[in-house]
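Data first, discussion second: the structure below is written as structure tokens.
Chain letters run A, B, ... following the sequence lines, proteins first and then strands; every chain starts at 1.
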Amino acid sequence: MKKTEDFYEKVYEVVRQIPDGKVTSYGAIAKAIGATKSARTVGYAMNNSLKSDAGLPAHRVVNRNGVLTGKHHFNEIDLMQKRLEAEGHVVENDQIKNFQEVFWDPFELY
DNA sequence: CGGATGACGGGTC
DNA sequence: AGACCCGCCATCC
């Protein structure tokens, strides 16, 4: 269990360091941490962070397609999209426009 | 212990 | 482009 919690911690740390106006993907986070876990586990960590109320900018984490796959986990369905739009992103059809341009690779931290 | 589930990703058709 | 499948791993039943 200890290793799992440690993994969650790393995920939170990376998410917290996502620059303003930037977004990243679950797979990128998993890769940056060490790819010891799958991208699926990163999403699970995020889901766990909701309960912990870690205050993470979870809206800045989307899947590799730039799709807001986790919007249903927010209190309000459109909260995730609203937050992204508030940061200057353009969301259309639950997908971030110009995803490549606003994508931030956490691998740069290491 | 085995199968199902999921904020995923990569590959195939 | 879109649908499908498989591997991935923590958690639940």
Side-chain angles (χ1 to χ4, degrees):
Chain A
M1 266 314 196
K2 185 59 178 66
K3 297 184 69 175
T4 300
E5 295 175 358
D6 189 61
F7 172 74
Y8 287 172
E9 246 183 80
K10 289 182 179 179
V11 173
Y12 303 157
E13 182 181 348
V14 172
V15 174
R16 259 189 280 266
Q17 295 181 61
I18 300 177
D20 219 47
K22 293 285 184 178
V23 295
T24 191
S25 69
Y26 304 94
I29 294 175
K31 181 181 179 183
I33 292 177
T36 59
K37 310 293 182 184
S38 67
R40 221 179 187 85
T41 314
V42 175
Y44 213 95
M46 297 303 296
N47 190 11
N48 190 67
S49 75
L50 290 180
K51 299 183 298 184
S52 307
D53 187 29
L56 300 174
H59 55 284
R60 291 177 186 165
V61 185
V62 295
N63 70 349
R64 69 171 179 92
N65 297 314
V67 179
L68 283 56
T69 54
K71 58 180 294 184
H72 288 101
H73 293 272
F74 286 72
N75 298 325
E76 213 177 317
I77 296 298
D78 294 330
L79 183 59
M80 187 176 189
Q81 178 173 337
K82 288 179 179 177
R83 282 181 174 175
L84 287 171
E85 292 176 339
E87 295 182 357
H89 296 297
V90 180
V91 181
E92 185 176 299
N93 193 24
D94 292 343
Q95 183 174 6
I96 298 178
K97 285 289 201 180
N98 308 321
F99 179 59
Q100 290 183 35
E101 299 176 13
V102 298
F103 176 77
W104 175 75
D105 192 349
F107 188 76
E108 296 176 359
L109 291 175
Y110 303 78

- [ ] Considering just the side-chain nitrogens and oxygens of A/Ser38, establish if one lies under 4.0 Å of OP1 or OP2 belonging to B/dG9.
- [x] no
Open item on the list: Side chains of A/Tyr44 and A/Thr4, heavy atoms from C-beta outward: is any pair under 4.5 Å?
Closed with: no
- [ ] Would you indicate which nucleotide in C/dA10, B/dG9, B/dA7 comes nearest to any side-chain atom of A/Ser25?
- [x] B/dG9
Open item on the list: Nearest whole Å is fine: how far is C/dA10 P from A/Tyr8 OH?
Closed with: 8 Å
Task: side-chain hydrogen bond (donor to acceptor under 3.5 Å, both in side chains) against A/Lys22, all qualifying residues, sequence neighbours excluded - done: none
Task: Sequence-distant partners of A/Glu101, salt bridge (charged side-chain N to carboxylate O under 4.0 Å, His left out), two or more places apart - done: none
Open item on the list: I want to check something: taking the side chain as every heavy atom from C-beta on, are A/Thr24 and A/Arg60 in contact at a cut-off of under 4.5 Å?
Closed with: no
Task: Side-chain heavy-atom pair A/Met46, A/Val15 within 4.5 angstrom cut-off - done: yes
Task: Distance, rounded to the nearest Å, where A/Tyr44 contributes OH and B/dG9 contributes P - done: 17 Å
- [ ] Could you state the atom-to-atom distance from NZ of A/Lys51 to C1' of C/dT11 in whole Å?
- [x] 9 Å
Task: Heavy-atom side-chain proximity of A/Leu50 to A/Phe74 below 4.5 angstrom - done: no
- [ ] Using atom CG of A/Asp94 as one end and atom C1' of B/dA7 as the other, report the distance to the nearest whole Å.
- [x] 13 Å
Task: Spacing between A/Tyr26 atom OH and C/dC8 atom P, to the nearest angstrom - done: 21 Å
TODO: Nearest whole angstrom, please: distance from the P of B/dG9 to the CD1 of A/Ile29.
DONE: 9 Å
Open item on the list: Heavy atoms within less than 4.0 Å of DNA chain B: which residues of residues 55-80 of chain A have one? Give them sorted by number.
Closed with: A/Ala58, A/Asn63, A/Arg64, A/Thr69, A/Gly70, A/His73, A/Phe74
